[in-house]
Amino acid sequence: MATSSITKNFVISGKEQVEMFVNAIEESAKNRPVRTPVAVKFIKGEEELRELMRFREMKEREKMNADK
């Protein structure tokens, strides 16, 4: 959990609470999601955008024809 999502203040007092808090932080650090690399192409200019839209429309038509 990102610390920016914590919206309340709280007090940790006593050795047992401190240990529980530290254990919870350490456990959450172990359970991070695996990052999956993704291939990305940045679109530069109007023509590349139009090409992408034509490609998407073609794929959508193919999908619709396959569903029939």
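- Under the side chain to side chain contact (heavy atoms under 4.5 Å, CB included) criterion, Glu27 pairs with Lys30, Asn31, not counting sequence neighbours.
- In terms of the side chain to side chain contact (heavy atoms under 4.5 Å, CB included) criterion, residue partners of Glu26 (sequence neighbours excluded) are, by chain and number, Val22, Asn23.
- Legend: residues meeting salt bridge (Lys or Arg N to Asp or Glu O under 4.0 Å) with Arg56, ordered by chain and number and at least two apart, are absent.
- Taking Ile, Leu, Val, Met, Phe, Trp and Tyr as hydrophobic and joining them when side-chain heavy atoms fall under 4.5 Å apart, one finds Phe55 in a cluster with Met58.
- Smallest separation of non-hydrogen atoms from Leu49 and Ile43: N-CG2, 3.5 Å.
- Residue pairs satisfying the side-chain hydrogen bond (donor to acceptor under 3.5 Å, both in side chains) criterion with at least one member in residues 34-43, sequence neighbours excluded, are absent.
- Taking the side chain to side chain contact (heavy atoms under 4.5 Å, CB included) definition, one finds that Val38 meets it with Val40, sequence neighbours left out.
- The structure places CD of Glu60 at 10.5 Å from CG of Asn65, a figure rounded to the nearest 0.5 Å.
- Considering only residues two or more places apart in sequence or on other chains, Lys59 meets the salt bridge (Lys or Arg N to Asp or Glu O under 4.0 Å) condition with Glu62.
- Under the side-chain hydrogen bond (donor to acceptor under 3.5 Å, both in side chains) criterion, the residue pairs touching residues 42-52 are Glu46-Arg50, Glu47-Arg54, with sequence neighbours excluded.
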